2 protein chains.
Amino acid sequence: MQQFTDRQIEIMEAATNRISKYGIQNLTIKTLAEDIGLSEPALYRHFKSKNEILLSLLEYFKTEMKNRIQSISFKPTDTTADELRAIFNSQLQTFTNKPAIVSVIFAESIFHFDESLSNIVTEIMDMMQEYVKTNIAKGQEKGQYNKLIGVSTLTTIIIGGMRMTVLKWKLSGHKSNLVKDGKTVLDGILKMIENN
Amino acid sequence: MQQFTDRQIEIMEAATNRISKYGIQNLTIKTLAEDIGLSEPALYRHFKSKNEILLSLLEYFKTEMKNRIQSISFKPTDTTADELRAIFNSQLQTFTNKPAIVSVIFAESIFHFDESLSNIVTEIMDMMQEYVKTNIAKGQEKGQYNKLIGVSTLTTIIIGGMRMTVLKWKLSGHKSNLVKDGKTVLDGILKMIENN
DNA sequence: TCTTTGCGAGTGAATACTAACTAACATAAA
DNA sequence: TTTATGTTAGTTAGTATTCACTCGCAAAGA
């Protein structure tokens, strides 16, 4: 029932950490094999190419993210804004626990020229965008959000603000408090769009 | 008085285009030399290393950006918001005219592990951030912007929203209208913070 | 005659990946 | 219970290719 073997997951995690610590240029089969304590050819027993390691890694995160967000349970008393807060809180918590993944999934610029890789990165971004878009449409419809700004523009602002917060956190060497800073940004935006 | 020779500028522009079209991995001395119609050793007559080409290229843009923004002339009737609009309009116009530069200066993830390169990218980002921060502080002080949100958080939201717009434009293959979309996002944010 | 700008022909190091082989183990026939 | 066979997961020792960069030399203009 498991999609990946233990060894495969070990390789994907090592690859993620390599990229996070030393950049994608430094992810070579050699360094990766050394990290795990295997020989280079041994890696090819588990993945047929280097590209497939990256591909699997992204697919793995995408599935995890989808499951995690969809299993968030909202309380009946939650406002639409509370639901959005819960989604981003979950996402930022995940990043905080596994900072390495951020370097990989926010890497459109790196993968932009490999179609298969950039497709998955785009899919992950689109998925997040859908959640936000749906939330905003619902909030506006319910009259919980004002309609000063259209759904699409507001989505861009929210996702943009959150991504910028993540970027700053990354540039700070993960020293800043991502969950808190992200909440501040989101609350700021919500303060401007929430009706009371 | 010119900081770079014609040939150097030619090389830097060719490098920018290479990166934009095929990614940083595809920027090699060989491909670059072919683009210009020179031999590989010839490039080393003009730059002492590949890294210096990238470094110079970023320095070149940084200087251009600083000069350009500082020479924007504001009308006496301009509001603080108009000034911010003018700054972003100038920036997005520049990106539209030279789309390739975007791939390079929005590439923290690529350069994150080369200190000299990441420093310049950070400096460029900080510069833009300073302009926005100053504008917001001024607008809030003058009472033209409300004070629902702090300067720092608001800066993150604005820069984040603009960067997200640029990213979408890039992912669309430069098909969308960056100047117009950027204006929509900025006007949206301003609508929420401007007092009337 | 220098200085600048170019070239052909290389260098060593690194890269993704492969060939050929083996020890350990599971399964199943004799 | 042996014995035969196949599979899994690893090894050492390579391959061809690509990379940034260098050497020594030539031509041309100031």
Side-chain angles (χ1 to χ4, degrees), chain A residues 1-58 104 107 110-118, chain B residues 1-59 104 107 110-118 120:
Chain A
M1 201 55 240
Q2 203 174 5
Q3 202 179 350
F4 294 105
T5 65
D6 289 353
R7 192 59 115 184
Q8 281 179 317
I9 291 175
E10 187 186 0
I11 293 171
M12 292 188 289
E13 288 190 341
T16 309
N17 288 327
R18 258 281 146 198
I19 294 172
S20 178
K21 275 196 197 127
Y22 307 106
I24 193 104
Q25 296 96 323
N26 193 263
L27 178 76
T28 67
I29 296 297
K30 192 181 174 188
T31 59
L32 190 53
E34 277 167 10
D35 287 347
I36 303 172
L38 287 181
S39 65
E40 298 181 48
L43 294 190
Y44 287 93
R45 291 283 174 206
H46 304 279
F47 290 101
K48 75 172 203 282
S49 70
K50 179 183 166 181
N51 228 30
E52 230 195 37
I53 296 175
L54 292 168
L55 219 54
S56 303
L57 186 168
L58 289 165
V104 181
I110 292 172
F111 299 142
H112 199 259
F113 304 93
D114 179 302
E115 212 175 332
S116 53
L117 290 174
S118 84
Chain B
M1 201 51 245
Q2 202 174 7
Q3 202 181 350
F4 294 105
T5 65
D6 289 354
R7 191 60 111 185
Q8 282 179 316
I9 291 174
E10 189 186 358
I11 293 171
M12 292 188 289
E13 289 191 339
T16 308
N17 288 328
R18 257 283 144 194
I19 294 172
S20 178
K21 276 194 196 129
Y22 307 106
I24 194 102
Q25 296 96 323
N26 194 262
L27 177 75
T28 66
I29 296 297
K30 192 181 174 188
T31 59
L32 191 52
E34 276 167 10
D35 286 347
I36 303 172
L38 287 181
S39 65
E40 298 181 49
L43 293 190
Y44 286 91
R45 293 284 178 200
H46 304 280
F47 289 100
K48 75 171 202 283
S49 71
K50 180 183 169 183
N51 228 30
E52 229 194 38
I53 297 176
L54 293 168
L55 219 55
S56 303
L57 186 167
L58 288 165
E59 199 69 67
V104 181
I110 292 172
F111 297 141
H112 200 261
F113 304 92
D114 180 301
E115 210 175 332
S116 52
L117 290 174
S118 84
I120 293 206

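What's counted below: heavy atoms across the whole structure, side chains too, no hydrogens, waters or symmetry copies. Keep in mind that what you see is a predicted model, and the values were worked out from it rather than measured. Convention: sequence-line order gives letters A, B, ...; per-chain numbering from 1.
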**Prompt:** With a non-hydrogen cut-off below 4.0 angstrom, is A/Ile53 in contact with a base, only sugar-phosphate, or nothing?
**Reply:** nothing
**Request:** Ignoring the backbone of B/Thr28, work out which of D/dC19, C/dG6, C/dC17 is nearest its side chain.
**Result:** D/dC19
**Asked** Are any side-chain N or O atoms of B/Ser56 and backbone N or O atoms of B/Met12, one a donor and one an acceptor, separated by less than 3.5 Å?
**Response** no
**Candidate nucleotides C/dA9, C/dT18, C/dG6, ranked by approach to the side chain of B/Pro41 - the nearest** = C/dA9
**Prompt:** Whole Å only: how far is the CD atom of B/Glu52 from the C1' atom of D/dC21?
**Reply:** 14 Å
**Message:** Could you report the tightest heavy-atom contact between A/Ala15 and A/Leu32, atom names first, then the distance?
**Reply:** N-CD1, 3.5 Å
**Item:** side-chain N/O A/His46 vs D/dT8 OP1/OP2, d < 4.0 Å
**Value:** no
**Complete:** Against the side chain of A/Glu40, the closest entry in C/dC17, C/dT5, C/dC7 is C/dC17
**Message:** In whole Å, I'd like the distance from the NZ atom of B/Lys50 to the C1' atom of C/dA14.
**Reply:** 13 Å
**Asked** Starting at CD1 of A/Ile11 and ending at C1' of D/dG10, how long is that distance when rounded to a whole Å?
**Response** 12 Å
**Request:** May I ask you to say what B/Leu43 touches in the nucleic acid, namely base, sugar-phosphate or nothing, with a heavy-atom cut-off under 4.0 Å?
**Result:** nothing
**Asked** Nearest of D/dG10, C/dA16, C/dT5 to any side-chain atom of A/Leu38?
**Response** D/dG10
**Nearest-Å distance for atom pair CD/P, residues B/Gln8 and C/dT4** = 13 Å
**Item:** Least distance between heavy atoms, B/Ile29 atom then B/Leu43 atom
**Value:** O-CD1, 3.7 Å
**Prompt:** Looking at the side chain of A/Tyr44, which of D/dT11, D/dA20, C/dT18 is the nearest nucleotide?
**Reply:** C/dT18
**Item:** Expected output: side-chain B/Gln8 to main-chain B/Phe47 donor-acceptor under 3.5 Å
**Value:** no
**Among D/dC21, D/dC19, D/dA13, the one nearest B/Ser49 by side-chain distance** = D/dC21
**Asked** What distance separates B/Glu13 CD from B/Asp35 CG, expressed to the nearest 0.5 Å?
**Response** 12.5 Å
**Fill in**
In whole angstroms, the gap separating P of D/dA20 from CD of A/Gln25 amounts to 12 Å
**Prompt:** How would you label the contact of B/Ser39 with the nucleic acid (heavy atoms, under 4.0 Å): base, sugar-phosphate, or nothing?
**Reply:** base
**Asked** How many Å lie between CD1 on A/Ile24 and C1' on C/dT15, as a whole number?
**Response** 15 Å
**Request:** In whole angstrom, give the distance that lies between atom NZ of B/Lys30 and atom C1' of C/dA9.
**Result:** 14 Å
**Asked** Over how many whole Å does the gap from B/Ile36 atom CD1 to C/dC7 atom C1' extend?
**Response** 15 Å
**Request:** State whether A/Arg45 places a side-chain N or O below 4.0 Å from either non-bridging phosphate oxygen (OP1 or OP2) of D/dT11.
**Result:** no
